[in-house]
Amino acid sequence: MFLFVVHTQLCMCVSQTEFTSLLAYMTTKFQNLVSFAAINSNACFFETFASINCWRNIYERAASDYECRAVIHFFFPTLIAHSISIISLPLTLLAFDEKGSSIPSPMQQQSLTTDFELSQIVLVPTSDWDATSLGLGNRYDVYDGQQRLVTLNLLLAALRDSFQSEADSTVGGGKRAVALAATAKEISSMLKPTKVRKEDVLRITLRKRDNVLLEKILSPQNESTDEEKEEQAISMGTAGETPTAYLSKLTPKERNELLSPLSLANARIFENFLHISDRLSLLSTRERLRMLDYIVERVHFLVCIPETSRIARNIVMSQGRKGMDNEPIDDFKGLVCFRYTLEEKDMYQTFDRWDALAAEPTIGAIGETLQSSEQTTTPVGRDIISAACLLRSSAALRTKIRGGGADEVYEWERWLRHVLWLQNQRLAEEQETTDGGPIQASWQGKDFFSKEIEPSSLALYHFRTGNWDEFNFLAVKSKKADEQSRNIRVRVQLNFLRDMIASAGSAKEAEILALELLLRAQEHAAAGDDALLFRYLDEFLPLIERWSLWMALSRPSPMQRHARVFAILDAMEHNDSMGSVGHSSGYDDMETLKECMNNYKFGATASGKRLAVAILNRMNAYLMMKDGKEIPLDQESAVDAILPEKIPKGSDWDQNWTEEHHEEWIHCLGNLASISKTGARGGRRGGKKGVDSTSWEAKVNIYKKEAWPLTRELTDLDVWNVDAVIDRQKLLVSLLELIWKK
């Protein structure tokens, strides 16, 4: 099998006529390639085409995520690379019955004469190829196709071992044994070509920690001399067997001892190799030789080599993310853990801690102990880490960073470099002031993860899930009345912020401020700096609430939203007065807010109803705090339209409401009540027997059971008409000014 790779620079250096002549030469020299595609001079890759299928009995069983990006090596003696990383086998090449014996297939003969191609793999060239020691070639990161490459290299290794084992066990040797041994040696040279004046190198490797077993499987015959191998085989009782044969004979205890110190990727490689070897043991020598010939002569695949990782990521994403589930945050993870961390031990410790943090909360256990770092962590999920990086990098760089594409990786790296530079500058200044004291280690990627990514991700996770006790400034149970009151008020404010951000897309930038405030508050609480802590909670938090409400109701442009967010961030950074950021100076601001609340159609959309619940619950909590009552912070609430959207003819609603008034007031905040979801379900079932669930009488019975004061006071009314809606709307607007006054 041959893999053709032509770089963009080459394509742009030759004319179409010259390139056609080159193709004709290649076709003549390499008969196995059956067709070519016309190449575009602006393309990043050269295509070879055929049909495609898979050998599902092996591939589907083994196509598991090996969890770390592979690095694949190719050599360029001229313009092409001879690749042995086989990608595909035909589905009809071999058929098995339930007992595992081969069955002649009517499609077999056709399969063995048909070419196959497995779509494309996406590779990105790296810059760490040492031509002096390795010769011509290059190294590539695999963005799509790692599972196929690794799995089918395991298949070749299993074929090699099967031929070598059969050659060693052939009684009397002879030509047959020599031919089988030569075939095994041929496959070995495909997997790890031997050189005279350059170092041998495997065609494909994983990251060092995950490459332990793969390296042993793909190159066992190159590990030692013939004498050493013979002595080792005699001592292990495996004389006459291949170096990997002992893997299949391990007891469960021995397997556990072998795999326990290794990573999960090693365990998966081990299991898949044994499975492939077992399946090949069912085939005759002739069938295995036909399979090998078919792989070498008929299987092709298309290779895409973009010039940058950004283009590679876009290509993979545009194809529905087939292959490795690689997100931009995974690329950033590689930068933090490997490129910006110096010591290998620190690299893998940071990598393990990141993995533990990125585990899904439903899978990982809270407080799970990491053996590698001896620290505890709370799994938050990969999406939370990605969101936290977006929010924190936007705050640090004072710029809008879009998610869901590929650009964020470059912004994240800029954020990383910015933080490392600032911290190392600080360390250098401290070193100068200590006058020759002990030299402090410079900040690296591991420090960036510990001090920036992990705390931010945990804070964002606890904010979104409402785990307020996880924040140190809220977890302390004080006996002082003023501190208890502040604790409850802050929880109410954070609940409101969280619900509003989740409800209104135009207020999502407020999460930048919320996360920044939480991190700063935790820092000052840990340092015992109550003055700054209370300033953040008593001044900045109400300001963030008010501005978030303004963004949700007025729906300004993204530029306006970010300008206000960055203004508050600057004030936090420099401890400015609230007036410097436009703290509600506020007659015009409050009047604008009132106008927006009066005009907003809360009941018209699902997001508007969720926003109404957040605002009504905040107002209800304000009244209950004022009266010293306990607030049901954990209650799940829904919104109920007091005046129903559809008025039954002949009902009391029909008599008290005109069509014009109904259309004018149906979606305003004054016509909405916050009720528990239990009450909402009870209302849909009809309340009392024989009572219409949409009638005023039925609604009064539901509202009487509610804890929120603004909902309970509706039961004092005898009728719900236009005047009642107008009065309630005025009440809610007045509460708006009371809660978020100067």
Side-chain angles (χ1 to χ4, degrees), residues 1-7 10 25-26 29-30 32-33 46 69-87 121 123-142 145-146 149-150 152-161 163-164 167 178-208 210-230 232 242-244 269 273 292-293 295-297 299-301 303 305:
M1 191 197 75
F2 299 100
L3 167 67
F4 271 57
V5 183
V6 178
H7 284 282
L10 172 64
Y25 169 77
M26 289 180 175
K29 188 169 182 62
F30 302 99
N32 293 326
L33 290 173
F46 174 66
R69 180 173 304 157
V71 179
I72 183 169
H73 311 271
F74 297 105
F75 298 89
F76 294 80
T78 54
L79 299 176
I80 65 171
H82 294 248
S83 168
I84 50 65
S85 296
I86 309 305
I87 294 305
I121 60 173
L123 314 176
V124 176
T126 65
S127 57
D128 57 348
W129 181 264
D130 185 1
T132 303
S133 60
L134 300 176
L136 292 175
N138 207 340
R139 192 190 307 271
Y140 296 86
D141 278 345
V142 180
Q146 175 182 307
L149 290 169
V150 173
L152 291 160
N153 270 272
L154 292 177
L155 171 59
L156 276 180
L159 280 170
R160 174 205 61 202
D161 291 351
F163 291 127
Q164 186 62 52
V178 172
L180 289 170
T183 303
K185 185 176 181 180
E186 178 187 5
I187 300 176
S188 293
S189 66
M190 294 177 183
L191 295 169
K192 189 174 183 179
T194 56
K195 302 179 184 180
V196 177
R197 291 176 291 107
K198 302 293 181 180
E199 294 180 13
D200 298 342
V201 61
L202 280 170
R203 297 288 199 180
I204 184 167
T205 62
L206 303 178
R207 298 291 185 189
K208 184 175 181 180
D210 301 311
N211 196 52
V212 177
L213 288 184
L214 181 63
E215 183 176 10
K216 290 183 178 180
I217 291 171
L218 297 186
S219 58
Q221 293 155 332
N222 294 333
E223 296 292 329
S224 57
T225 64
D226 292 339
E227 293 77 7
E228 291 173 341
K229 287 190 291 183
E230 184 176 355
Q232 182 181 12
T242 61
T244 59
I269 290 171
F273 178 70
L292 176 62
D293 289 341
I295 291 173
V296 173
E297 298 173 2
V299 178
H300 314 291
F301 59 104
V303 180
I305 304 186

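Here the structure is a predicted model, which means the values were calculated and not measured. Scope of the values below: all heavy atoms of this structure, side chains included, with no hydrogens, waters or symmetry mates.
Side-chain contact between Thr205 and Leu214 is absent, with no heavy atoms from C-beta onward closer than 4.5 Å. Side chains of Leu156 and Leu292 form a contact here, defined as non-hydrogen atoms less than 4.5 Å apart. By the 4.5 Å heavy-atom criterion applied to side chains, Ile217 and Leu154 are counted as neighbours. Side-chain contact between Lys192 and Leu202 is present, with heavy atoms from C-beta onward closer than 4.5 Å. Residues Leu149 and Arg203 form no side-chain contact, since every pair of their non-hydrogen atoms from C-beta on lies 4.5 Å or further apart. Between Asp210 and Ile269 the shortest side-chain heavy-atom distance does not fall below 4.5 Å. The side-chain heavy atoms of Leu134 and Arg139, taken from C-beta on, include a pair separated by under 4.5 Å. Side chains of Asp161 and Phe273 form a contact here, defined as non-hydrogen atoms less than 4.5 Å apart.
The minimum heavy-atom distance between Ala184 and Phe163, with the atom names listed, is CB-CB, 4.2 Å. When all heavy atoms of Ser188 and Arg160 are compared, the pair lying nearest together is OG-CD, 2.9 Å. Here the closest heavy-atom approach between residue Gly145 and residue Val142 is recorded as C-CG1, 3.9 Å. Of all the heavy atoms in Pro193 and Asp200, the pair that sits closest is O-OD1, 3.4 Å. Here the closest heavy-atom approach between residue Ala181 and residue Ala167 is recorded as N-CB, 3.7 Å.
Taking CD of Gln164 as the reference point, atom OG1 of Thr183 lies at 10.0 Å (rounded to 0.5 Å). To the nearest 0.5 angstrom, Lys185 atom NZ is 7.0 Å from Thr194 atom OG1. Going from atom CD1 of Ile305 over to atom OH of Tyr140 covers 4.0 Å, rounded to the nearest 0.5 Å.
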Determine, stepwise, if the pair Leu206 / Gln146 fulfils side chain to side chain contact (heavy atoms under 4.5 Å, CB included).
CA-CA 9 Å; Leu206 303 178; Gln146 175 182 307; 4.2 Å; yes

Show your working on side chain to side chain contact (heavy atoms under 4.5 Å, CB included) between Leu159 and Ile295 and close with a plain yes or no.
CA-CA 11 Å; Leu159 280 170; Ile295 291 173; 4.2 Å; yes

Tell me, with the steps shown, if Met190 and Val296 meet side chain to side chain contact (heavy atoms under 4.5 Å, CB included).
CA-CA 10 Å; Met190 294 177 183; Val296 173; 3.8 Å; yes

Assess whether side chain to side chain contact (heavy atoms under 4.5 Å, CB included) is satisfied between Leu123 and Val303, documenting all intermediate values.
CA-CA 7 Å; Leu123 314 176; Val303 180; 3.8 Å; yes

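In terms of modelled atom types and a separation under 3.5 Å, the side chain of Lys216 and the main chain of Asn211 share no donor-acceptor contact.
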